Amino acid sequence: MDKIKTIGVVGAGTMGAGIAQLIVQHGFTAFIFDVDEKTVTKAKASIEARLARLAEKKKLSFEEVYEAKKRLHPSYHIENFQNCEIIIEAVPEKVEIKRAIFQQLEKVCRKETILATNTSSISITQISGMIEHPERVAGLHFFNPATIMPLVEVIQGLNTAAETVETLVAFAKKLNKNPVVCKDTPGFIVNRVARPFYNEALRIMNDQVATVEQIDRIMKQAGNFKMGPFELQDLIGIDVNFATTKSVHASFYGESRFRPHYYQERMVDSGRLGKKTGGGFFHYE
Ligand code: NAD
């Protein structure tokens, strides 16, 4: 763990940007790359703005913010990751994209570099299936917002070495997180438990039992949830949530209790993906 100083993050969207911020806030250097250059620039600006807000709120000193910003390296070429000790992939929830990135990373970095994926549901064994050293691949699943949510799932694929898991557990603790080690099963722990939370809410809404607003209010007031299922889908990204539901359903060979709801697909098709597009189930300024 003492040798770990530099982390690469592939994908600068919602999760990649949050993870990179968390990393630089905890004294590590972060390189962040995205296939879309504008997204890298946007991620840098949003990380810096969030760090500045933490200083305004006196949660970090101005000096800590200055140092954290210096440790953040927007990167326009994945080749810049060659000296990273850990690389965390946070690209869309599609196995073919993730597999291609791991194959690319294997060519770029040292063979002892740990390659982690932030996948919500895809099998780690499947993602690492094509690469030469799958023992250094594991899941490192942060929750949204990555800087705030304390839980991190560390997922051990069938070929993941015990040392890889141990290093990632130690790394998560350095980031002040509570890691839990999971087996490589569809949706791991949290996303498996959470599927009915979203799916039943969509069915209740579509059956006109209650409105979106009522369901969210009831879950918060009576169920003591911090967010309702619709507000949470908007935060996650309805497209990201739908991709996870489809992946868990397919991985359980179509088990009906995980069946996605068509209304979620309609929302994705409409382009109203949640907070990131200014609207989803709710409207955002
Ligand atoms: P996102 O759509 O916000 O960001 C994905 C980014 O990956 C985009 O900026 C895209 O340009 C980039 N990308 C696409 N192909 C790429 C490639 N080949 N190389 C480099 N970058 C590429 O998605 P997200 O919400 O950040 O989710 C990323 C991963 O994290 C997914 O696996 C998702 O399931 C998981 N996850 C998401 C959440 C959440 O709440 N959004 C929570 C936990 C885990």
Side-chain angles (χ1 to χ4, degrees), residues 8-22 31-47 74-81 87-105 107-108 115-124 126-127 138-155 172 177 180 182 186-195 197-198 226-227 229-248 250-251 264 268 271 273-277 280:
V9 180
V10 187
T14 310
M15 292 309 291
I19 294 167
Q21 181 186 340
L22 176 76
F31 283 82
I32 184 163
F33 165 79
D34 197 287
V35 76
D36 176 17
E37 290 191 4
K38 274 192 247 136
T39 306
V40 179
T41 312
K42 208 171 124 197
K44 178 179 185 279
S46 67
I47 294 169
S75 187
Y76 301 102
H77 305 282
I78 209 163
E79 286 71 24
N80 294 349
F81 283 26
I87 298 176
I88 304 167
E89 163 277 307
V91 304
E93 192 72 349
K94 289 199 174 128
V95 70
E96 59 282 5
I97 304 182
K98 293 187 188 284
R99 276 185 142 190
I101 285 171
F102 277 77
Q103 284 177 286
Q104 207 180 344
L105 287 172
K107 289 194 196 114
V108 168
L115 305 179
T117 168
N118 190 51
T119 181
S120 304
S121 61
I122 302 172
S123 157
I124 309 306
Q126 189 184 13
I127 293 174
L140 187 66
H141 184 213
F142 293 88
F143 293 84
N144 187 8
T147 49
I148 293 170
M149 299 299 279
L151 186 70
V152 171
E153 292 176 329
V154 179
I155 305 122
K177 298 292 178 193
V180 56
C182 309
F188 319 122
I189 301 172
V190 174
N191 269 307
R192 183 168 168 181
V193 169
R195 280 317 96 194
F197 184 64
Y198 308 111
K226 201 124 189 161
M227 295 175 99
F230 294 100
E231 199 184 350
L232 194 47
Q233 284 178 73
D234 277 359
L235 176 79
I236 291 165
I238 300 171
D239 54 334
V240 175
N241 194 285
F242 182 53
T244 301
T245 305
K246 280 196 298 182
S247 159
V248 173
S251 304
Q264 204 178 25
V268 176
L273 306 179
K275 264 191 153 171
K276 63 185 171 187
T277 58

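In this text the structure is predicted, and so the values were computed from the model without any measurement. First listed ligand is number 1; within each ligand, the first listed atom is number 1.
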Hey, is I78 touching ligand 1 through its side chain, its backbone, both or neither, going by heavy atoms under 4.0 Å?
neither
Given side chains that start at C-beta, do those of I101 and F33 come closer than 4.5 Å, heavy atoms only?
no
Which residue owns the protein heavy atom closest to atom 21 (N) of ligand 1, what's the atom, and how far is it?
V35 N, 3.2 Å
Give the atoms of ligand 1, by number and element, whose distance to some non-hydrogen atom of K98 is under 4.0 Å.
31 (C), 32 (O)
R195 vs T244 side-chain heavy atoms within contact, under 4.5 Å:
yes
For S247 and I122 the tightest heavy-atom approach is OG-CG1, 3.9 Å
Using a 3.5 Å distance criterion without hydrogens, assess whether the side chain of N118 forms a donor-acceptor pair with backbone atoms of I88.
no
Would G237 count as a contact residue for ligand 1, given that I'm defining contact as a non-hydrogen atom of the residue lying under 4.0 Å from a ligand atom?
no
Checking K177 side chain against A146 main chain: does a donor-acceptor pair fall under 3.5 Å?
yes
Contact atoms of ligand 1, heavy-atom distance to T119 under 4.0 Å:
32 (O)
Short N or O distance, E93 and ligand 1, threshold 3.5 Å exclusive:
yes
How far is atom 36 (N) of ligand 1 from the closest protein heavy atom, and which atom is that?
S120 OG, 3.3 Å
Which of the ligand 1 atoms, numbered from 1, are nearer than 4.0 Å to a heavy atom of T39:
9 (O)
Shortest protein contact, atom 42 (C) of ligand 1 (heavy atom only)
M15 SD, 3.5 Å
For atom 23 (O) of ligand 1, the protein heavy atom that lies nearest, with its residue and separation:
V240 CG2, 4.1 Å
Of G16, P92, G13, G18, the one whose closest heavy atom lies nearest atom 7 (O) of ligand 1 is P92
Can a donor-acceptor pair be found, under 3.5 Å and without considering hydrogens, that links the side chain of Q233 to the backbone of P229?
yes
With a 4.5 Å heavy-atom cut-off, do K276 and D239 have their side chains touching?
yes
Would you mind listing which atoms of ligand 1 come within a distance below 4.0 Å of any non-hydrogen atom of V10?
20 (C)
Nearest non-hydrogen protein atom, atom 2 (O) of ligand 1
K276 NZ, 4.0 Å
To which protein heavy atom is atom 29 (C) of ligand 1 closest, and what is the distance rounded to 0.1 Å?
V91 O, 3.3 Å
Does an N or O from H141, backbone or side chain, lie closer than 3.5 Å to an N or O of ligand 1?
no
Do the non-hydrogen side-chain atoms of L140 and V154 ever get within less than 4.5 Å of each other?
yes
Between I101 and ligand 1, find which residue part has any heavy-atom pair under 4.0 Å and reply side chain, backbone, both or neither.
side chain
Are side-chain heavy atoms of E89 and L115 found at a separation under 4.5 Å?
no
Less than 4.5 Å apart, side chain to side chain, heavy atoms only: is that true for V240 and T14?
no
Among all the protein's non-hydrogen atoms, which is closest to atom 43 (C) of ligand 1, and how far away is it?
F142 O, 3.2 Å
Can you tell me which residue and heavy atom of the protein come closest to atom 41 (N) of ligand 1, and the distance to 0.1 Å?
I236 O, 2.9 Å
Taking atom NZ of K275 as the centre, does the number of heavy atoms from other residues, nucleotides or ligands within less than 6.0 Å exceed 12?
no
Identity of the nearest option to atom 8 (C) of ligand 1, non-hydrogen atoms only, from N144, I19, D34, I88:
D34
Quick check: do T41 and Y76 have side-chain heavy atoms less than 4.5 Å from each other?
yes
